[in-house]
Amino acid sequence: FSHLQKKRRAATARRQHLKSAMLQLAVTEIEKETAAKEVEKQNYLAEHCPPLSLPGSMQELQELCKKLHAKIDSVDEERYDTEVKLQKTNKELEDLSQKLFDLRGKFKRPPLRRVRMSADAMLRALLGSKHKVCMDLRANLKQVKKEDTEKEKDLRDVGDWRKNIEEKSGMEGRKKMFEAGES
């Protein structure tokens, strides 16, 4: 018994060790990713945003402002185009995922409960206060008189089933059944 407990403890300790090793690896990977992103950001800024040097004269300052406004406008246009592309791509993704969902056909039907409801109550629920016609479904049913059919008469005439079996047993009985079936 104690041998099994030792095995379980060893397996648990090994599992915990593996888990902690995986977490340490994940932490180092995340740190590497953040450092790489920061370097990439610095490179992008150095390439696209040169350091700002303020000129001394008013005319040069106005010229710089005009350039900056033109740059802002072009960046805004790019941002807008990118947003539109993103929205279009998201819409396409939604459509494709809906098609995939439809193709799978695995939508859950909600559990339905049986509710006893008269036709009047149903119409009232559907039409609201507009419903004024009273529907008595039984009033429109036809009156049917029960007539004796040939089958019922045959069943009454058969009587005891043993006699019927004895009559139809053997080759004579089969002959009678065959002849009765033809007519």
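All of these numbers come straight from a predicted model, not from anything done at the bench.
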* **For the student: nearest non-hydrogen atoms of Thr28 and Leu25, plus distance** =>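 So the two residues come closest at OG1-O, 2.7 Å.
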* Asked: Minimum heavy-atom separation for Gly56 to Glu60, with atom names?
  ->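 So the minimum-distance heavy-atom pair works out to N-OE1, 4.0 Å.
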Measure the [atom1]-[atom2] distance between [X] and [Y] for me, rounded to the nearest 0.5 Å.
X: Leu45; Y: Glu40; atom1: CG; atom2: CD; value: 11.0 Å
X: Leu96; Y: Lys91; atom1: CG; atom2: NZ; value: 11.0 Å
X: Asp73; Y: Glu78; atom1: CG; atom2: CD; value: 11.5 Å
X: Leu93; Y: Leu100; atom1: CG; atom2: CG; value: 11.5 Å
X: Glu29; Y: Thr34; atom1: CD; atom2: OG1; value: 11.0 Å

* Compare all side-chain heavy atoms of Asn43 with those of Glu47 and state whether any distance is below 4.5 angstrom. =>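 SC-SC contact between Asn43 and Glu47 ruled out.
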* Find out whether Met58 and Gln62 are in side-chain contact, i.e. whether some heavy atom of one side chain is under 4.5 Å from a heavy atom of the other. =>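 Yes - at least one pair of side-chain heavy atoms lies under 4.5 Å apart.
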* Looking at residues at least two apart in the chain, or sitting in another chain, which of them share a side-chain hydrogen bond (donor to acceptor under 3.5 Å, both in side chains) with Glu38? ->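 For Glu38 the side-chain hydrogen bond (donor to acceptor under 3.5 Å, both in side chains) partners, ignoring immediate neighbours, are Gln42.
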* Single hit among Arg14, Arg9, Gln16 for side-chain contact (heavy atoms from CB on, under 4.5 Å) with Thr12 ->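 Considering Arg14, Arg9, Gln16, a side-chain contact (heavy atoms from CB on, under 4.5 Å) with Thr12 is found only for Gln16.
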* **Test ring pair (Phe, Tyr, Trp, His ring centres under 6.0 Å) applied to His48 - qualifying residues, sequence neighbours left out** =>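 By the ring pair (Phe, Tyr, Trp, His ring centres under 6.0 Å) rule, His48 matches Tyr44.
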* **Test log, rule side-chain contact (heavy atoms from CB on, under 4.5 Å), inputs Arg79 and Asp76** => CA-CA 5 Å; Arg79 182 184 56 82; Asp76 262 351; 3.5 Å; yes
* Is there a donor-acceptor contact under 3.5 Å linking the side chains of Glu94 and Asn90? ->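 No, Asn90 and Glu94 have no side-chain donor paired with an acceptor closer than 3.5 Å.
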* Could you walk me through whether Asp95 and Lys99 pass the salt bridge (charged side-chain N to carboxylate O under 4.0 Å, His left out) check? -> CA-CA 6 Å; Asp95 291 344; Lys99 282 183 184 177; over 6 Å; no
* When clusters are formed by joining ILVMFWY residues with side-chain heavy atoms under 4.5 Å apart, either directly or through shared neighbours, do Val75 and Leu68 land in the same one? ->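 Result: no, two separate clusters.
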* Please indicate whether Glu83 has more than 12 foreign heavy atoms, meaning atoms of other residues, nucleotides or ligands, lying under 6.0 Å from its CD. =>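 Correct, the count exceeds 12.
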* Asked: If you draw a 6.0 Å radius around CD in Glu92, do more than 12 non-hydrogen atoms from other residues or ligands fall strictly inside?
  ->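 Correct, the count exceeds 12.
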* Asked: Any Lys/Arg nitrogen of Lys85 or Asp81 sitting under 4.0 Å from an Asp/Glu carboxylate oxygen of the other?
  ->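 Judged by the 4.0 Å cut-off on N to carboxylate O distance, Lys85 and Asp81 do not form a salt bridge.
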